[in-house]
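Worksheet for the structure shown next.
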Amino acid sequence: MTQISFPGIGIDTFEVDNVAFTIGDGFAVYWYGIIITLGIISAFIYTFYRAKNEMINQDHLIDVGLWTVILGVIGARLYYVLTSLEDFIPEPFSFGEFMKNVFNIRGGGLAIYGGIICGAAGVIIASFIKKINTLKLVDSVAPGVMIAQAIGRWGNFVNGEAHGGIVSEGHPLHFLRMGLYPNEDSIFSMVYYHPTFLYESLWNICGFILINILYKKKKFNGQIACMYLAWYGFGRFFIEGLRTDSLYVGPFRISQVVGAACFIIFGSLLVWGLIYSKKFNNPDAELNKFDKLLKPEVVQDPDRFYSKWFKKNNKPAKEAIKNGKNN
């Protein structure tokens, strides 16, 4: 049991058990796994909704989802293992024991950046196989990933992990301090930390709302993905600096470096895309293949659009909506 409190916002001490329930002879089902699964489901639901606006065949999203989830989990685990390899090497060394440690996901250890990198690879692979505009597809998926991250961080809350350092009384975020017991700083009393899981969850929710407001006004395909990665990278850079459990390479916090890189690279691509989009969004412009790849076709009212389109093309409404006009 973990004791937690948020005295600054009037929440007194309460206990949290990281085990949701047990099956059979003591097989524990953890809240962390349930919450992560809820995040994945939420991402699926959102992507199905958004894909309709992008005129992407919704049936293809099941295949995309399989690629994304499988590679995402593999990537998240591989990233964590490679950046904390010494924790997985047994003494004396045994290859069998080492592999057992690597595959023991129930023992903890997933890194979100690894999930994003390999999950994105899954989306790209699936888009080529299904012949979907990759940039339109990543735009559909990106906000869903944001809400999945916002939900998933509460798995860290249940485990009493992924928190920051001790909050000083004069800190502007002192009112959000999280009391935690047991903790690594005292065996006798509750200590108050930065709830960095909460900071990141709120940051992603704000980004999700902002991106959804701007989505239908996007100027180029890929803009939404760039906004997500720049937004998340910027916030993660600062939030990671507060954490006490960061993964390091030498003196550098890996997630801070990756966060800064995401902000710089995708922020720059966002600015370039907005400037370049003036060319192909001009109704009189002659478009090359690259321009056509970038030119957005976001449908404001999919049902109304497809209704007009199938009448014009003499096709059944259900078939039009299912297959899409231009995948």
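Quick note: numbers below take in every heavy atom, side chains included, and nothing from hydrogens, waters or symmetry partners. Everything numeric in this text was worked out from a predicted model, so none of it was measured.
Here the CG-CG distance, from L198 to L202, works out to 4.5 Å after rounding to the nearest 0.5 Å. Atom CG of D185 and atom OG1 of T244 lie 8.0 Å apart (nearest 0.5 Å). With values rounded to the nearest 0.5 angstrom, I124 atom CD1 is found 12.0 Å from I129 atom CD1. Summarising the geometry, atom CD1 belonging to I40 is positioned 10.5 Å from atom CD1 belonging to I151; distances are rounded to the nearest 0.5 Å. Taking SG of C226 as the reference point, atom NZ of K218 lies at 10.5 Å (rounded to 0.5 Å). The distance from atom CD1 of I36 to atom CD of Q149, rounded to the nearest 0.5 Å, is 10.0 Å.
Annotation: W31, atom CH2; neighbour count of heavy atoms from other residues, nucleotides and ligands within 6.0 Å does not exceed 12. For F252, the CZ atom counts as loosely surrounded, since its 6.0 Å shell holds 12 or fewer non-hydrogen atoms of other residues, nucleotides or ligands. For E91, the CD atom is loosely surrounded, since the number of other residues' heavy atoms within 6.0 Å does not exceed 12. Around CZ of F14, the count of heavy atoms belonging to other residues, nucleotides or ligands within 6.0 Å exceeds 12. Within a 6.0 Å radius of CD in E15, more than 12 heavy atoms belonging to other residues, nucleotides or ligands are found. With a 6.0 Å radius and a threshold of 12 heavy atoms from other residues, nucleotides or ligands, K295 has its NZ atom above the threshold. The 12-atom threshold is exceeded at CZ of F93, counting heavy atoms of other residues, nucleotides or ligands nearer than 6.0 Å.
R243 and A162 make their closest contact through NH2-CB, 3.7 Å (heavy atoms, listed as atom of the first residue, atom of the second, distance). G267 and A230 get closest at one heavy-atom pair: N-CB, 3.9 Å. Shortest non-hydrogen contact noted between P296 and N281 is CD-OD1, 3.8 Å. In terms of heavy atoms, C262 sits closest to G233 at CB-CA, 4.2 Å. Counting all heavy atoms, side chain and backbone alike, V16 lies closest to V158 at CG1-O, 3.6 Å. Closest heavy-atom contact between P143 and I224: CG-CG2, 3.7 Å.
Under a 3.5 Å cut-off, the side chain of T83 and the backbone N or O of Y79 do form a donor-acceptor pair. Side chain of S277 to main chain of L274: a donor-acceptor pair is present (N/O by atom type, distance under 3.5 Å, no hydrogens or angles). The main-chain N or O of T13 is never found under 3.5 Å from a side-chain atom of S5 such that the two would form a donor-acceptor pair. For D139 (side chain) and G222 (main-chain N/O), a donor-acceptor pair under 3.5 Å exists by modelled atom type. Checking side-chain atoms of S94 against main-chain N and O of P90 turns up no donor-acceptor pair under 3.5 Å. Side-chain atoms of T196 never come within 3.5 Å of backbone atoms of Y199 as a donor-acceptor pair (strictly under, hydrogens ignored).
A donor-acceptor contact under 3.5 angstrom links the side chains of Y232 and E200, judged on distance only. Under the 3.5 Å distance criterion, with hydrogens and angles disregarded, a donor-acceptor pair is assigned to the side chains of Y46 and N212.
Geometric assessment of R177 against the ring of Y193 yields a negative cation-pi assignment under the 6.0 Å and 45° thresholds.
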Working note: T22 + V29, criterion side chain to side chain contact (heavy atoms under 4.5 Å, CB included); need CA distance, chi angles, decisive distance, verdict.
CA-CA 6 Å; T22 57; V29 177; over 6 Å; no
Check against side chain to side chain contact (heavy atoms under 4.5 Å, CB included), I34 and Y30:
CA-CA 7 Å; I34 293 174; Y30 293 96; over 6 Å; no
For V69 and F44: C-alpha separation, side-chain torsions, deciding distance, then whether side chain to side chain contact (heavy atoms under 4.5 Å, CB included) applies.
CA-CA 10 Å; V69 172; F44 264 105; 3.8 Å; yes
Should E54 and Y215 be marked as a side-chain hydrogen bond (donor to acceptor under 3.5 Å, both in side chains) after you check the CA-CA gap, both sets of side-chain angles, and the distance that decides it?
CA-CA 11 Å; E54 291 282 8; Y215 196 112; 2.8 Å; yes
Mind running side chain to side chain contact (heavy atoms under 4.5 Å, CB included) on E97 and N101 for me, showing each step along the way?
CA-CA 6 Å; E97 193 66 24; N101 293 340; 4.1 Å; yes
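Applying side-chain contact (heavy atoms from CB on, under 4.5 Å) to K279 and the options L287, L294, N288 leaves one that passes, N288.
Between I9 and L176, some side-chain heavy-atom pair lies under the 4.5 Å cut-off. Contact of the N53 side chain with the Y49 side chain is registered, since non-hydrogen atoms from C-beta on lie closer than 4.5 Å. The closest side-chain heavy-atom distance from I112 to R236 is below 4.5 Å. Here the side chains of I213 and K216 are not in contact, with every heavy-atom distance at 4.5 Å or above. Side chains of L180 and Q3 form no contact here, defined as non-hydrogen atoms less than 4.5 Å apart. A 4.5 Å side-chain heavy-atom check between V167 and L173 finds every atom pair outside the cut-off.
Ion pairing of R253 with E240 is absent here, as no side-chain N (NZ or NE/NH1/NH2) approaches a carboxylate O to less than 4.0 Å. A salt bridge is absent between R153 and E161; no separation between the charged side-chain nitrogens and carboxylate oxygens falls under 4.0 Å.
L66 and I125 end up in different hydrophobic clusters when Ile, Leu, Val, Met, Phe, Trp and Tyr side chains are linked at under 4.5 Å. Residues M146 and L214 are members of one and the same hydrophobic cluster, defined by side-chain heavy-atom contacts under 4.5 angstrom among Ile, Leu, Val, Met, Phe, Trp and Tyr. F157 and M190 are members of different hydrophobic clusters when ILVMFWY side chains are connected at heavy-atom separations under 4.5 Å. Residues L137 and L71 do not share a hydrophobic cluster, clusters being chains of Ile/Leu/Val/Met/Phe/Trp/Tyr side chains in contact below 4.5 Å. In the hydrophobic cluster analysis, where Ile, Leu, Val, Met, Phe, Trp and Tyr join through side-chain heavy atoms closer than 4.5 angstrom, F103 is grouped together with Y80.
No close placement of the F280 and F220 rings is indicated, their centers lying 6.0 Å or farther apart.
Listed by chain and residue number, W231 satisfy the ring pair (Phe, Tyr, Trp, His ring centres under 6.0 Å) test with W203 (two or more places apart in sequence, or in another chain).
Relative ring orientation between Y276 and W272 is described as parallel, the plane-to-plane angle staying below 30° on a 0-90° scale split at 30° and 60°. Ring geometry, F234 versus F238: the interplanar angle exceeds 60°, so the pair is classed perpendicular (tilted spans 30 to 60°).
Note on residues 164-185: pairs passing ring-ring contact (aromatic ring centres under 6.0 Å, His included), not counting sequence neighbours, are H171-H194.
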